[in-house]
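Read the structure below first, then the notes.
Just so it is clear, the values below take in all heavy atoms, side chains as well, and ignore hydrogens, waters and symmetry mates. One-based numbering, in listed order, for ligands and for the atoms of each.
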Amino acid sequence: MLDTQISLKEHDESRQGEALILEGDKEKLSGRKLYIESYGCQMNFADSEIVASILLDKGFETTSDYKEADVVFINTCSIRENAEQRVRNRLKEFESAKSKKPGMIVGVLGCMAERLKSKFLEEEKLVDVVVGPDAYRDLPNLIEKVDDGTRAVNVLLSREETYADISPVRLNTNGITAFISIMRGCDNMCSFCVVPFTRGRERSRDPYSIVKEAQELFNDGYREVTLLGQNVDSYKWSLSETENNQDETVITFAKLLEMVAAVDPLLRIRFSTSHPKDITDEVLHSMAKHENICNYIHLPVQSGNSRVLELMNRTYNRDWYINRIDAIRSIIPTCGISTDVITGFCSETEEEHQDTLSIMDYVKYDYAYMFAYSERPGTLAAKRYEDDIPEEIKKRRLTEVVTKQREHSHYRLKEQVGKTHKVLIEGFSKRSDKDYCGRNDQNAMVVFPVDPRFKVGDYVTVMGLDCTSATLIGKIID
Ligand code: SAH
Ligand code: SF4
Ligand code: F3S
């Protein structure tokens with residue numbers, strides 16, 4: 001323990017899994033302004049909505065201007081070195097606001113908080129509170145500690161916390177699309193990845209609380225939910241004896257999808273992230289069966305080479321991945337597929353990099369998120385392998401992957417020209433309020449002229465007329 005003023009012992013095994021029900025004093029906290037900024041994956045953004053809910057419940061109000069906030073939170077990501085650097089730069093910008101506003105509390109939440117724990121307080125003098133992803137219920141209490149002059153840390157990970165009972169307060173919402181966390185943590189140990197360390201053990205959330213949240217969103221006018229987990233295919237919930245209806249005791253991800261799809265045919269369902277080792281044909285059949293489960297799968301490949309995949313500890317090889325792609329194409333022929341790719345992983349040769357390019361040619365992804373390998377402290381790869389691919393080679397390979405993906409994205413969009421698409425109107429186009437924008441089933445962004453017969457939140461049939469490298473351009477036909 002590096003700081004004398006830590007309020008809770010970090011990562012104390014004996015307390016893991018213990019529910020923290022710590023009541024902050026509503027009187028003391030009410031009327032204060034909360035500003036929260038989020039980085040990283042969709043799960044982090046969803047968590048910020050949990051944090052807002054916990055504090056609004058204590059009387060806080062939100063603000064979109066950090067300079068006028070009483071409490072400034074930054075919900076952080078550790079996935080790559082540059083993600084952490086962005087947060088540190090941002091914290092510097094908060095310094096002058098804090099010096100002008102005595103009493104302002106600056107807090108670091110999320111994965112970087114979990115990774116660095118109390119070290120954060122030493123490294124960044126302006127930070128008052130450091131809170132890991134499983135400790136948000138403790139926030140009111142921690143804020144009170146800071147009020148009393150104590151810098152505070154709670155980075156306890158839990159085996160049970162899913163925040164199932166907390167209704168997220170939707171932040172920066174378009175009122176049409178929302179995220180629902182269905183599980184937390186990750187039990188895979190991909191050798192490059194920091195997530196198992198920052199998010200702890202995998203646990204699934206009660207399916208009935210998920211369906212209830214989807215239903216409430218639908219009642220509030222939302223028309224699309226994205227179910228979130230690091231590996232949604234390993235979602236698993238065992239019904240207790242009392243709920244047991246004899247033949248079905250376990251809710252799998254396929255079953256959960258069907259339960260959410262049954263909320264209303266007008267509610268679209270998306271999900272992320274699927275893991276190639278775990279995605280089952282059962283899930284694909286559920287998707288094929290339900291019109292409102294979107295035909296779109298994010299299936300990160302990471303590398304197209306089996307030796308590299310083994311070093312990455314992804315637990316599938318090239319042939320397995322290709323088999324899963326073939327299963328998707330045969331069960332859901334029109335499915336959109338996107339991926340994640342890492343270039344320049346430890347010891348990756350030029351030939352092995354070519355295997356990544358060739359698997360991209362095989363799949364022709366609709367979209368991809370592409371990264372140069374960034375070594376993360378504490379991961380298996382950092383311990384076992386040398387980060388031996390020079391930065392300029394990682395970058396050059398990344399450029400090749402990006403160039404290829406650009407061609408494929410364009411190819412996939414061109415395929416959609418001349419066809420009709422069911423599009424959910426999400427809002428007005430960024431470029432012009434004379435155009436609407438929304439996504440088709442395959443998750444392609446579609447832009448089309450406003451038609452006064454239809455409003456945001458309606459489904460429309462759009463004919464694809466043209467495309468740019470990233471957007472389909474169309475026209476409503478009914
Ligand atoms: N759970 C998801 C991935 C979550 S992290 C899955 O298993 O696919 C999102 C993406 O960040 C990963 O898919 C990977 O492509 C990338 N990533 C993770 N760690 C990285 C690292 N150390 N360097 C570069 N990219 C990384
Ligand atoms: Fe990280 Fe692998 Fe878990 Fe994804 S599945 S979060 S890449 S450890
Ligand atoms: Fe980043 Fe944590 Fe998500 S490391 S990608 S915010 S789970």
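Using modelled atom types, one finds a donor on one side chain and an acceptor on the other under 3.5 Å when comparing N44 with R199. A donor-acceptor contact under 3.5 angstrom links the side chains of N440 and Q416, judged on distance only. Counted by atom type alone, N231 and D278 present one or more donor-acceptor pairs between their side chains at under 3.5 Å. A donor-acceptor pair shorter than 3.5 Å can be found between the side chains of E37 and Y39. Side chain to side chain, E49 and S53 fail the donor-acceptor criterion of an N or O pair below 3.5 Å.
Summarising the contacts of atom 3 (Fe) of ligand 2 with C186, C193, P300, G185, the nearest heavy atom is found in C186. Closest heavy-atom approach to atom 6 (C) of ligand 1 within the set K277, R314, E375: this belongs to R314. Summarising the contacts of atom 15 (O) of ligand 1 with M370, Q302, R199, R80, the nearest heavy atom is found in Q302.
Coordination check, C41 versus atom 3 (Fe) of ligand 3: passed, since an N/O/S atom of the residue sits under 2.8 Å.
Among all protein heavy atoms, the one lying closest to atom 5 (S) of ligand 2 is N188 ND2, 3.3 Å. In this structure, the protein non-hydrogen atom closest to atom 21 (C) of ligand 1 is S374 O, 3.5 Å. Nearest protein neighbour of atom 2 (Fe) of ligand 2, counting heavy atoms only, is C190 SG, 2.3 Å. The protein heavy atom nearest to atom 8 (O) of ligand 1 is P300 CG, 3.0 Å. In this structure, atom 4 (C) of ligand 1 lies nearest to the protein heavy atom Q230 OE1, 3.3 Å. Protein heavy atom in closest approach to atom 4 (S) of ligand 3: S78 N, 3.3 Å. Counting only heavy atoms of the protein, atom 1 (Fe) of ligand 3 lies nearest to C77 SG, 2.3 Å. For atom 13 (O) of ligand 1, the closest non-hydrogen atom of the protein is D340 OD2, 2.5 Å. The closest protein non-hydrogen atom to atom 2 (Fe) of ligand 3 is C111 SG, 2.2 Å.
Heavy-atom distances between C41 and ligand 1 stay at or above 4.0 Å for every pair. Ligand 3 has at least one atom lying under 4.0 Å from a heavy atom of Q230. Residue R199 places every heavy atom at 4.0 Å or more from ligand 2. In this structure, K394 does not count as a contact residue of ligand 1, since none of its heavy atoms falls inside 4.0 Å of the ligand. Residue contact annotation: I79 has a non-hydrogen atom under 4.0 Å from ligand 1. For V195, the heavy-atom gap to ligand 1 stays at 4.0 angstrom or more.
H298 pairs in a side-chain hydrogen bond (donor to acceptor under 3.5 Å, both in side chains) with only one of the listed residues (D340, D366, N443), which is D340.
Taking every heavy atom of R314 and a limit of under 4.0 angstrom, the matching atoms of ligand 2 come to 2 (Fe), 7 (S). Of all the atoms in ligand 2, the ones that sit under 4.0 Å from a non-hydrogen atom of P196 are 8 (S). The atoms of ligand 2 that sit less than 4.0 Å from any heavy atom of H275 are 5 (S). Near R376, with a cut-off below 4.0 Å to any heavy atom, the atoms of ligand 1 are 22 (N).
Between Y222 and R170 there is a side-chain heavy-atom pair separated by less than 4.5 Å. Considering only heavy atoms from C-beta on, C346 stays 4.5 Å or farther from R384 through its side chain. The side-chain heavy atoms of F253 and L227, taken from C-beta on, include a pair separated by under 4.5 Å.
Taking the six-membered ring where the residue is Trp, Y321 and Y316 present tilted rings, their angle falling between 30° and 60°.
Nearest heavy atom pair, residue R268 against residue R439, reads NH1-O, 3.0 Å. The two residues I79 and R376 make their nearest non-hydrogen contact at O-CD, 3.2 Å. Heavy atoms only, all atoms of each residue included: S158 and D134 are closest at N-OD2, 2.8 Å.
Two rings, from F192 and Y373, have their centers 6.0 Å or more apart.
No part of A381 comes within 4.0 Å of ligand 1, judged by heavy-atom distances. Both the backbone and the side chain of F192 come within contact range of ligand 1, each with a heavy atom under 4.0 Å. Contacts of M43 with ligand 3, taken as heavy-atom pairs under 4.0 Å, are absent altogether.
For the atom pair CD of E124 and NZ of K92, the computed distance is 5.5 Å after rounding to the nearest 0.5 Å.
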